[in-house]
Enquirer: 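Have a look at this one.
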Number of protein chains: 2
Amino acid sequence: MLSKKTKYGLKALTFLASRKEKEPVQIAEIAKQENISQKFLESILLSLRKTGFLGSKKGKGGGYYLIKDPKEVLMTDVMRVLEGPIAMVPCVSLNFYEKCDDCPDEKSCSVNKLMLKVRDANLAVYRNSTLADLV
Amino acid sequence: MLSKKTKYGLKALTFLASRKEKEPVQIAEIAKQENISQKFLESILLSLRKTGFLGSKKGKGGGYYLIKDPKEVLMTDVMRVLEGPIAMVPCVSLNFYEKCDDCPDEKSCSVNKLMLKVRDANLAVYRNSTLADLV
DNA sequence: CTATTATCCTATAGATTTAATAGGATATTT
DNA sequence: AAATATCCTATTAAATCTATAGGATAATAG
């Protein structure tokens with residue numbers, strides 16, 4: 001299941017991308033338009049800023065704005081920041097690989113086998129999607 | 001992230017599928033071979049029996065066995081029973097559809113748009129995989 | 001018939017993760 | 001100096017997942 005954090009993050013990014021103007025948008029406005037708890041959204045936008053997707057400005061007229069062109073924002077990167085690993089098990093993860101402690105041999109593991117296919121399928125989708133495609 | 005329930009369930013199913021003999025296998029043996037908590041596995045096998053994947057026999061010489069030929073067991077069905085909906089959001093789910101309460105219009109929702117693609121990609125994998133492919 | 005074996009079933013405890021809130025600090029503009 | 005809006009950490013609340021407990025039921029063996 002997609003977490004609310006990811007859902008809200010995607011909605012906020014899309015909201016910002018849909019604005020032609022480059023002016024900062026306040027958290028309060030995004031929260032209201034997208035039906036999101038403002039405080040929760042605040043923490044999400046903060047993490048998107050710290051990971052280089054958003055810029056921010058304080059004080060009156062401040063808010064958040066996209067740093068890159070939506071066409072340049074890959075969903076693989078967005079999803080990894082918001083939702084975490086794209087793989088459903090660590091043993092097939094490209095960026096967060098970890099050996100399963102219960103599994104003696106990955107090559108002969110049925111779960112590994114299936115989840116490898118799932119990972120590839122998901123990666124294909126995310127790699128072919130940019131923020132611009134969501135607007 | 002894949003739940004342990006699903007992981008263990010898949011391993012147990014594969015274990016049973018890999019046995020040529022049709023004789024029942026005891027929970028204890030599967031648990032030991034696959035490094036799974038026996039009691040937890042017990043509840044998982046129970047649900048797989050109730051959903052028609054496994055048969056069981058009580059008493060000495062009892063245990064669980066596959067009902068269908070592994071080639072006939074589709075991963076879509078297995079995953080839905082073990083992990084739940086394949087879709088990451090209810091609004092793109094085929095079997096568990098539900099409207100998002102915060103979203104006024106699905107057609108213009110960016111999350112819906114992206115998750116529809118993800119669902120299709122995952123479905124394609126699961127529909128093309130049977131239990132026999134995991135052995 | 002009785003002892004043994006193994007599943008059946010419900011309930012619950014424990015652990016982890018997710019979602020949301022609180023409250024003040026910091027920086028910017030007017 | 002006042003108002004505005006992000007920044008940041010901590011904490012609470014809720015939900016979900018994982019695991020365990022303990023007895024009931026049914027089948028087999030002797």
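For the numbers below, each heavy atom of this structure counts, side chains included, while hydrogens, waters and symmetry mates do not. Proteins come first, then strands; the chains are lettered A, B, ... in the order of their sequence lines, and each starts at number 1.
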Enquirer: Rounded to the nearest Å, what distance is computed from the OH atom of residue B/Tyr8 to the C1' atom of nucleotide D/dT18?
Expert: 8 Å
Enquirer: Please work out if B/Lys4 contacts a base, only the sugar-phosphate, or nothing of the nucleic acid, heavy-atom cut-off 4.0 Å.
Expert: sugar-phosphate
Enquirer: Roughly, in whole Å, what's the span from CD1 in B/Ile27 to C1' in D/dT20?
Expert: 14 Å
Enquirer: Roughly how many Å is it from CD in A/Gln26 to P in D/dA5, rounded to a whole number?
Expert: 4 Å
Enquirer: Does B/Arg19 pair with B/Glu29 as a salt bridge, N-O distance under 4.0 Å?
Expert: yes
Enquirer: Picking from C/dA19, C/dC9, D/dA19, which would you name as closest to the side chain of B/Leu46?
Expert: C/dC9
Enquirer: Can you tell me how far P of D/dA5 sits from CD of A/Glu42, to the nearest Å?
Expert: 12 Å
Enquirer: D/dT20, D/dC7, C/dA19: which one has an atom nearest the side-chain heavy atoms of B/Phe40?
Expert: D/dT20
Enquirer: Could you check how far CD1 of A/Ile44 sits from P of C/dA20, rounded to whole Å?
Expert: 8 Å
Enquirer: Check the distance between C/dA19's P and A/Ile36's CD1 and give it to me in whole angstrom.
Expert: 12 Å
Enquirer: Under 4.0 Å: is that the gap between some side-chain N or O of A/Ser56 and OP1 or OP2 of D/dA5?
Expert: no
Enquirer: In whole angstrom, what separates A/Lys11's NZ from C/dA19's P?
Expert: 14 Å
Enquirer: Less than 3.5 Å apart, any donor N or O on the side chain of A/Thr130 or A/Glu72 sitting next to an acceptor on the other?
Expert: no
Enquirer: More than 12 heavy atoms of other residues, nucleotides or ligands under 6.0 Å from CD of A/Glu98: is that the case?
Expert: no
Enquirer: Under 4.0 Å from OP1 or OP2 of C/dC9: is there any side-chain N or O of B/Lys50 that close?
Expert: yes
Enquirer: Taking the side chain as every heavy atom from C-beta outward, state whether A/Leu45 and A/Ile30 have any pair of such atoms under 4.5 Å apart.
Expert: yes
Enquirer: Please tabulate, one pair per line, each protein N/O and nucleotide N/O from nucleotides 27-30 of chain D that are separated by under 3.5 Å, including the distance.
Expert:
from	atom 1	to	atom 2	distance (Å)
D/dT28	OP1	B/Lys57	NZ	3.4

Enquirer: Give me the one residue out of A/Ile67, A/Leu16, A/Leu46 that meets side-chain contact (heavy atoms from CB on, under 4.5 Å) with A/Leu54.
Expert: A/Leu16
Enquirer: Would you please confirm or rule out a distance under 4.0 Å between OP1 or OP2 of D/dC7 and any side-chain N or O of A/Arg49?
Expert: yes
Enquirer: Could you state the atom-to-atom distance from CE of A/Met1 to P of C/dA19 in whole Å?
Expert: 10 Å
Enquirer: Once rounded to the nearest 0.5 Å, what's the spacing between atom OG1 of B/Thr51 and atom CG of B/Leu82?
Expert: 7.5 Å
Enquirer: Salt-bridged, B/Lys71 to B/Asp133, with N to O below 4.0 Å?
Expert: no
